[in-house]
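Structure first, commentary second.
All chains are named by letter (A, B, ...) in the order of the sequence lines, taking the proteins before the strands, and each is independently numbered beginning at 1.
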2 protein chains.
Amino acid sequence: MDPVKSPDQVTIADVARHAGVAGSTVSYVLSGKRAISEVTRNRVLASVRALGYHPNAGARALASRRANVIALVLPLRSGMQVPVVMQFAMAVVTSARRFDHDVLLVTSDEGPAGLRRIAASAMVDGIVLMDVELDDSRVPLLRELARPSVLIGFPADAAGLTCVDLDFHRAGQVCVEHLAELGHRQIALLGAPAAVYDRGTGFAHRTRSGFTEAAARHGMTAVTRPFEEGAAAVRQGLIELLDHHPDLSALVVQNEAAVGPVLATLPTLGRRVPQDVSVVGICPDRFAEQASPMLTSVPVPAEEVARQAVALLMSKLRDEPVPAATLLGPRLTVRDSTAAPPAG
Amino acid sequence: MDPVKSPDQVTIADVARHAGVAGSTVSYVLSGKRAISEVTRNRVLASVRALGYHPNAGARALASRRANVIALVLPLRSGMQVPVVMQFAMAVVTSARRFDHDVLLVTSDEGPAGLRRIAASAMVDGIVLMDVELDDSRVPLLRELARPSVLIGFPADAAGLTCVDLDFHRAGQVCVEHLAELGHRQIALLGAPAAVYDRGTGFAHRTRSGFTEAAARHGMTAVTRPFEEGAAAVRQGLIELLDHHPDLSALVVQNEAAVGPVLATLPTLGRRVPQDVSVVGICPDRFAEQASPMLTSVPVPAEEVARQAVALLMSKLRDEPVPAATLLGPRLTVRDSTAAPPAG
DNA sequence: GACGTCCGTCGAAGCGCTTCGACTTGTCGC
DNA sequence: GCGACAAGTCGAAGCGCTTCGACGGACGTC
């Protein structure tokens, strides 16, 4: 047991000396890029442990031209969807670690310049972009960036990009189909806040189109409207909606923040759930399970999406071909908030 | 306009050549660590822009022994508090960028080994640790790590550490004082889920102690109990609580997820807010404003806490002395959910 | 007018790692 | 028993940057 050379950091040279081999040999043991004899490998690994060696990330990045870091770009405007975004972020980190990568958290508030900086400085090998809008200013940049990237969500023009997302169009359909089977004929979609549609956020538009199309196919009467967040706004919206469409027997809610208020308000308007009106949510399972009654829902499988995104990015980093679009099939979980429409 | 040398990356040598100076001069222009004449500086900066130069992060880190990156360590168990955690994270990123630092997102699921790896590999210069528990296994590690760190939250033994947080003890007091002024005598604290107390999470315990102490000081009758999340659980909890303590005229709710259900449930139990019972929330302003009625609340100033944490860390990186504890004063915003108790 | 003093700039030496020949053995085929 | 070849290891050359000491010239001083 020598006293450690530098108090600051154990280098590969220290390990080499301790194990009685060349520095390059240590490197090859650690990377596995050349054959090393069993005995040497073990000796080296023992020294690594004995000295508590961790390769210097900067030096490694410089020499190998790989930082082993990916960027996760989040929207700064964190308005809605916060828990889902969080779930994504955590899952991206966990997935990346499985591939021995770390995650640099980047917000969009620096704008394209921020992305450019991160990419050009070789801080990261690849980029995962969240909360993509239909017409996203960061997207053209991505194409010219010369670093592989994966988008969570679909922009209007996805040519040349790799995108992953829940199939929201299908999700809209699935909700309608479930209600159709139960016998509902008059349904409504309570969507995201108007601002989200205006912003051209893909999932909101795609859910609506799936919803509308499936309703038409089943000969149902369907209305859709944006819904603001907040208990008071939800109550007001519901009153107006039921006033204009008193025969509605089912609602699809795509707005996490509105789920609770909707369920709380309906009974006060004389509509029991599910006897008088059925409710389907497009929201995380946690919300659905905590609601009362427990909500029939289509969750956004954040973890699965994140895992896929990271896996795709890793493939691209290895120059393997990947599919341009990955759409995850929605699963609808039936709980206590949906039933057949009232007899009348 | 030369054609760019390497398609891959513009180096400092390219800039130097383009500007007709030495590489070191470019470096000094960019870092400002030595005097450079106005004319040279401008020529260099022009070349930097013309070539679109961005320093290679790895090389810079290697040579300067500063990565210009800080680690943000989040709990993996993201159970409650998700929006607040998210707010913290975003604010940490934004604040760090002001100091020209980036943020590496780390989860606790690798355990101490993960922290050790990050620190030893010199990937980050410092660490911000969130969601600290009273007896946190990562804390002892932090002391031996030789990288500066700042905690958001307080462990039981904070010796030798730098901690920032809302003064939850005071927050509990402030809520009580507001209710005392209105004339309430019988109050209750609806706390975090039992698991959070069991885990020894500091803010929950400290709020409770502040609440209890202030109530005693004002001669009020005070009960406290953990509250689970979920609409049904809240309803059940409220029913039991009001059953045992029918004279309660005010509630303090420290559980974001319970705020909505509490407000929705009380009227169904024949208690109007605020005429029959007042409610104070300890929750983000967004929740309070979206509630109906709008909630008198003490927000957790996530952005301010994050900003402080980053600023403290930057001071430590510059070897400046910093206070061991930074407690932010709570502000109570009066809205529509509190009033004098009913006359009877 | 000779001498210290700055100011502004340069060249070179690393930072700790990966990677590319090249070299030394041992092994096999015939 | 000799060439061919593979397996295992080493040394050295960078990767792109920062930083230190040195150096030339402009300036002020006595």
Side-chain angles (χ1 to χ4, degrees), chain A residues 4-45 47-48 51-69 100 117 119-123 125, chain B residues 4-45 47-48 51-69 100 120-123 125:
Chain A
V4 179
K5 258 293 172 49
S6 90
D8 221 30
Q9 175 155 12
V10 183
T11 75
I12 204 171
D14 298 325
V15 176
R17 206 171 306 123
H18 186 273
V21 299
S24 50
T25 300
V26 175
S27 177
Y28 286 125
V29 165
L30 261 27
S31 71
K33 294 196 177 170
R34 280 200 183 173
I36 298 287
S37 69
E38 192 65 17
V39 43
T40 304
R41 148 178 298 109
N42 288 335
R43 196 142 37 91
V44 168
L45 290 178
S47 299
V48 164
L51 300 179
Y53 170 69
H54 288 271
N56 179 294
R60 193 204 272 272
L62 180 56
S64 69
R65 314 178 138 286
R66 314 288 254 82
N68 273 34
V69 175
D100 198 34
R117 179 180 63 81
S121 67
M123 283 193 119
D125 305 321
Chain B
V4 180
K5 258 293 172 48
S6 90
D8 220 31
Q9 175 156 11
V10 183
T11 75
I12 203 171
D14 297 325
V15 175
R17 206 170 307 124
H18 187 272
V21 299
S24 50
T25 301
V26 176
S27 177
Y28 286 125
V29 166
L30 261 27
S31 71
K33 294 195 177 170
R34 279 199 185 177
I36 297 287
S37 70
E38 191 65 18
V39 44
T40 305
R41 149 178 296 108
N42 287 335
R43 196 143 37 90
V44 168
L45 290 178
S47 299
V48 164
L51 300 179
Y53 170 69
H54 287 270
N56 179 294
R60 195 203 271 272
L62 180 56
S64 69
R65 316 179 136 284
R66 313 289 253 85
N68 273 33
V69 176
D100 197 34
S121 67
M123 284 191 117
D125 305 322

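Helix bend of the helix from C:dG1-D:dC30 to C:dC30-D:dG1: the angle between its two end axes, each built from five pairs, comes to 30° after rounding to 10°.
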Would you sort out whether B:Leu30 and B:Val48 count as a side chain to side chain contact (heavy atoms under 4.5 Å, CB included), showing the intermediate values?
CA-CA 10 Å; B:Leu30 261 27; B:Val48 164; 4.3 Å; yes
Output one letter per nucleotide in nucleotides 18-26 of chain C: B when a protein non-hydrogen atom lies under 4.0 Å from the base, S when only the sugar-phosphate is that close, - when neither is.
SBBBB----
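Atoms CE (B:Met123) and C1' (C:dC17) sit 14 Å apart, rounded to a whole Å. Whole-Å rounding puts the A:Arg43 CZ to D:dG8 P distance at 14 Å. Across the protein-nucleic acid pair, B:Arg17 atom CZ and C:dC10 atom C1' stand 16 Å apart, rounded to whole Å. As rounded to whole Å, 13 Å separates atom P of D:dG14 from atom CZ of A:Arg65. Taking atom CG of residue A:Leu62 and atom P of nucleotide C:dG14, one finds them 17 Å apart after rounding to whole Å. Here the P atom of nucleotide D:dT9 and the CG atom of A:Asn42 are 11 Å apart, to the nearest Å.
Considering only side-chain atoms of B:Thr11, the nucleotide from C:dT9, D:dC17, D:dC10 that sits closest is D:dC17. Distance from the side chain of A:Ala35 is smallest to D:dG8 among D:dT9, D:dG8, C:dT9.
Annotation: side-chain contact (heavy atoms from CB on, under 4.5 Å) contacts of A:Ala119 (sequence neighbours excluded): A:Leu145, A:Arg147. Under the salt bridge (charged side-chain N to carboxylate O under 4.0 Å, His left out) criterion, B:Arg66 pairs with B:Asp125, sequence neighbours left out.
Side-chain atoms of B:Asn68 come within 3.5 Å of backbone N or O of B:Asp100 as a donor-acceptor pair. Listed for the A:Arg41 side chain is no donor-acceptor partner under 3.5 Å among the backbone atoms of A:Val29. Between the A:Asp14 side chain and the A:Thr11 main chain, a donor and an acceptor come within less than 3.5 Å of each other.
Of all heavy-atom pairs between B:Leu51 and B:Val10, the closest is O-CG2, 3.4 Å. When every heavy atom of B:Ala61 is checked against every heavy atom of B:Ala67, the shortest pair comes out as CB-CA, 4.0 Å.
Toward the 5' end of DNA chain C, the nearer of the two residues B:Glu38 and A:His54, judged by each one's closest nucleotide, is B:Glu38.
Residue pairs meeting the side-chain hydrogen bond (donor to acceptor under 3.5 Å, both in side chains) criterion with at least one member in residues 23-39 of chain A, sequence neighbours excluded: A:Ser37-A:Thr40.
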